[in-house]
Amino acid sequence: MLLDFYLLDVSYEVVSQEPHIIIWGVSRDGKRVLLRDKRFRPYFYAILREKASAEAVARKIISLSERSSPLIKVEPVEKKFYGKPVNALKITTVIPEYVRKYREKVKEIPEVVEVVEADIRFSLRYILDHHLRPCGWHRAEVEARGRNPSYKVEEEYEVKGEINPLEDWSTPELRIMAFDIEVYNETGTPKPERDPVIIIGVLTSNGVFKQFLADGFNDKNAIIEFTRFVQTYDPDIIVGYNSNRFDWQYLLERASVLGLKLDVGRKKDSPPSTSTYGHVSIAGRLNVDLYDFAEEIPEVKIKSLDVVADYLGVMKRESRVLIDYVDFPKYWNDPSKRGLLLKYNEDDVRSTMGLADKFLPFAMQLSYITRLPLDQVGAASVGYRLEWFLMHEALLNNELIPNREEKEAETYKGAVVLTPLKGIHENIAVLDFTSMYPNIMIKYNVGPDTIEKPDGCSIASHYIAPEVGHCFRREPPGFFKNVLSMLLSLRKLLRSEMKKYPPTSMEYRLLDERQKAVKILANATYGYMGWLGARWYCRECAEAVTAWGRTIITAVINRAREMGLKVIYGDTDSLFVENDPVKVRSLVEYVERELGFEIKIDKVYERVFFTEAKKRYAGLLTDGRIDIVGFEAVRGDWTELAKEVQENITSILLKEKNVDKAVEYVKTVIANLMQNKIPVEKLIIWKTLTKKIEEYDVESPHVSAARKLEKKGLKIDVGDKVGFVIVKGAGKISERAEPFNLAKDPRLIDVNYYIEHQVVPAALRILEYFGITENDLRKITSTAGRKSLFDYLGKH
DNA sequence: CTAATGTCCTC
DNA sequence: TCTGAGACATTAG
């Protein structure tokens, strides 16, 4: 029979010396189904010396066969490696774990040059080989097997024939469950062997909200009831916030302390386990940690659930309960306060479900495009997402997948950044190349398979990169050219398809998320080639791309100047020019006709302001919005106060051109600061710890603050953001950096530091181009003969 | 004063 | 765990 199913996940198990692929899905009639494929076997390839006899090597390999997982097939295959046909053998065994073992032995054979594709996990290998699409529909030829008591599915099937993806954009009704746990702890770091889970909150996509509570400090029943709830509701997707690193780990350890089984999967006796990219894997369900997607929003500095939910409009911070986790014991032990703690947990769970609504549509499309199951795609880095996509493309092109190799870091030259013409400019157009780097790679056939040694390189048959001289075959089209052409045209297709639907429709949303996923992959390809961890690493390729980029943008700059079109600024693939429609049009045409690239007006600034610094500017767009780029106002390591000041004066200057008003405003802020009228929250400086505290060579303020937190018994990890304030006293700034939550007394704040190192520099960065000096900001206007700030400060 | 270290952001 | 280019604060000497 033929069965249509929507693919959730693929896993495998070994049943009496035979690997079974387990496909978890949802059928058309909404049944949760399992498809078992007993026919798939693990394999890898050996690339042989050109002259070696494949038959002879095959015999040698077969002699390595072990009874516990015999080599069932060793066959010559016609495959390409970096675009060239190679003499290769496909080596198939039975038990997936034996692939590694055989790989090591096969490597030792003298005729074997390289062993490839031995490090691809079995279940993902199955997805690639059968061209499956996680979060997509498929049709399979199967035989029904009825129910199997070992699995929580309505029907089991055995795959007997082909499985083919279907062109079907619908999504079945999936059951989603959000959850969040609260843990009792008095010291800051909860210990599973001591501290119970006091609340487990769950919310389902059909609106059921429930909380499982510990009985005092006994959480045994709460965990049992939670497990039971999961089995009863039977979610397809479980979402949490930081659940991979915290909730699941804690529940697992707690369950083990209590002698419980955390049986939440669709397979009996199969508790959650930590898997690839550090994500927690649950049999038959997609466990998604939404924190992974929150991490990809750079404009949100503090990634706590309440802040992210507020930013995305899921739940306002002001209208929810917020409790610091060190205060949990107080709320838990006081019956009159416990209700608030429960509400706090409920708000967290509801926020988590809200985030799922925001993130899952994109995540599912990313999963569909990259073929990484939904629970892995969030945890995987940009490089790995792209790589999974490339691996499938390699398979389609009959290309062997290169190994990830250890290599020395080598740097190369990057893009052109022009020194801006400082000052205010009116009516400026920003021209942007459309996908500059991908298009360079397509036009010049750049890639690890098309690059050739300089000898024998000629302009007739090759593209030669300027400056660096790297040489790429013109024909045939290489791997990256094919992949990128496909991605760019797919994106175009998706965008035109989108326009056929109303923007509020499901189809529109789905296509939009899909085209975004495609864009991300295309844009990451250049960076991927320069990434040391890449299978298709090619430093020369990346170097050639930036060299062509520099040449192209330089040509456009020169052309603009020849035409008498003033260039204000440019970076990598963008140019800021006078908005002279006739000249701009002619420049755009030149780029298209003479250079073969597309350049577009991205935006027009009514007024834009530059200092002499690169990568920093502020502009007033024609629609009245203010754009601030690179300046302190948009950086996460400046105080809210300084950012606010800079943002406001920028707005006053660009919109009203009123320097005096801006100066007066800064003075007011300074006066408020001196009178302790500024809330401490606006004075916190946040910086990330990028390595372990003890590894730092320099005792900078955030390191010193982190040390102070550690002394208080708080655990500080790499990647944590440390918020600190500067307090009064003598000595280095780092010595006076106090963790903000340990410095509750606002009178101890060193106002002077904030004036001199935050407000004044941030304001002056802009104002000094209008002739304003530090003194102008510090002097109180002569009205009413008030004391100057210097008198106040006892300075000068 | 300069050099080095460290962080964040842009394209 | 996608690149190099870049700005700037702070420490160290």
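Since the model is a prediction, treat every value here as computed from it, not as a measurement. Here is how names work: the chains are called A, B, and so on, in the same order as the sequence lines, proteins then strands, and each is numbered from 1.
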- Query: Reckon A:Gly414 touches a base, only the sugar-phosphate, or nothing at all at heavy-atom distances under 4.0 Å?
  - Reply: sugar-phosphate
- Message: Can you tell me if A:Lys614 touches the phosphate of B:dC9, counting only side-chain N or O atoms and a distance under 4.0 Å to OP1 or OP2?
- Response: no
- Item | Minimum heavy-atom distance A:Ala522-A:Pro438, with the two atoms named | O-CG, 3.7 Å
- Message: Under 6.0 Å between ring centres: does that hold for A:Phe740 and A:Trp686?
- Response: yes
- Look at all strands and tell whether A:Tyr537 reaches a base, only sugar-phosphate, or nothing, counting heavy atoms closer than 4.0 Å. nothing
- Note on the structure: Rounded to whole Å, CE of A:Met441 lies from P of C:dC2 at a distance of 16 Å
- Message: On the nucleotide B:dG6, are OP1 or OP2 found under 4.0 Å from the side-chain N or O atoms that A:Thr690 carries?
- Response: no
- Atom-to-atom span, CG of A:Asn523 to P of C:dG4 - whole angstrom: 17 Å
- Message: What is the separation between atom NZ on A:Lys615 and atom P on B:dC9, rounded to the nearest whole Å?
- Response: 14 Å
- Query: Given atom CE of A:Met436 and atom C1' of B:dC11, what is their separation to the nearest angstrom?
  - Reply: 11 Å
- Message: From NZ of A:Lys600 over to C1' of B:dC11, roughly how many Å is that when rounded to an integer?
- Response: 18 Å
- Minimum-distance nucleotide to A:Asp637 side chain [options: C:dT1, B:dT10, B:dC8]: B:dC8
- Task: Using a heavy-atom cut-off of under 4.0 Å over every strand shown, decide if A:Gly533 touches base, sugar-phosphate, or nothing.
- Result: nothing
- Query: How about A:Asn242 and A:Arg245: does a side-chain donor come under 3.5 Å of a side-chain acceptor?
  - Reply: yes
- Query: For DNA chain B, what residues of residues 541-550 of chain A have any heavy atom nearer than 4.0 Å?
  - Reply: none
- Task: Look at the rings of A:Phe480 and A:Tyr528 and say which category their plane angle falls in: under 30° parallel, 30 to 60° tilted, over 60° perpendicular.
- Result: tilted
- A:Phe724 atom CZ is separated from B:dG6 atom P, nearest whole Å, by 15 Å
- Item | Plane angle bin for A:Tyr569 and A:Phe610 - parallel if under 30°, tilted between 30 and 60°, otherwise perpendicular | tilted
- Message: Check this one for me: any side-chain N or O of A:Ser381 less than 4.0 Å away from OP1 or OP2 of C:dC2?
- Response: yes
- Task: In plain terms, say whether A:Glu640 and A:Lys643 are close enough for a salt bridge, that is, a side-chain N and a carboxylate O under 4.0 Å apart.
- Result: yes
- According to the interplanar angle, ranging from 0 to 90°, do the rings of A:Phe293 and A:Phe362 count as parallel (below 30°), tilted (30 to 60°) or perpendicular (above 60°)? perpendicular
- Item | Aromatic contact, A:Tyr384 with A:Trp531 (centres under 6.0 Å) | yes
- Task: Kindly state whether the ring of A:Tyr444 and the ring of A:Phe472 have centres lying under 6.0 angstrom apart.
- Result: no
- Query: Can the ring centroids of A:Phe609 and A:Tyr617 be said to lie less than 6.0 angstrom from one another?
  - Reply: no
- Query: Side-chain donor-acceptor pair under 3.5 Å between A:Asp571 and A:Ser574, yes or no?
  - Reply: no
- Expressed in angstrom and rounded to an integer, what is the separation of A:Ile553 atom CD1 from C:dA5 atom P? 16 Å
- Query: Considering only side-chain heavy atoms of A:Tyr412, which listed nucleotide, B:dC11, C:dA5, C:dT3, is closest?
  - Reply: C:dT3
- Message: Could you spell out the base pairing of DNA chain C as a dot-bracket line? Use Watson-Crick and G-U wobble contacts where both distances are under 3.5 Å, [ ] for crossing pairs, | for partners on a different strand.
- Response: .....||||||||
- Given B:dC11, B:dT7, C:dA7, which nucleotide is nearest the side-chain atoms of A:Ser574? B:dC11
- Message: I want to check something: taking the side chain as every heavy atom from C-beta on, are A:Val446 and A:Lys481 in contact at a cut-off of under 4.5 Å?
- Response: no
- Task: For the residue pair A:Tyr537 and A:Glu405, confirm or rule out a side-chain donor-acceptor distance under 3.5 Å.
- Result: no
- Item | Per-nucleotide protein contact string for nucleotides 8-13 of chain C (B base, S sugar-phosphate only, - none; heavy atom under 4.0 Å) | SSSSS-
- If you pin A:Lys413 and A:Ala524 to their nearest nucleotides in DNA chain C, which one's is more 5'? A:Ala524
- Query: Which whole-number value in Å describes the distance from A:Glu695 CD to B:dA4 P?
  - Reply: 21 Å
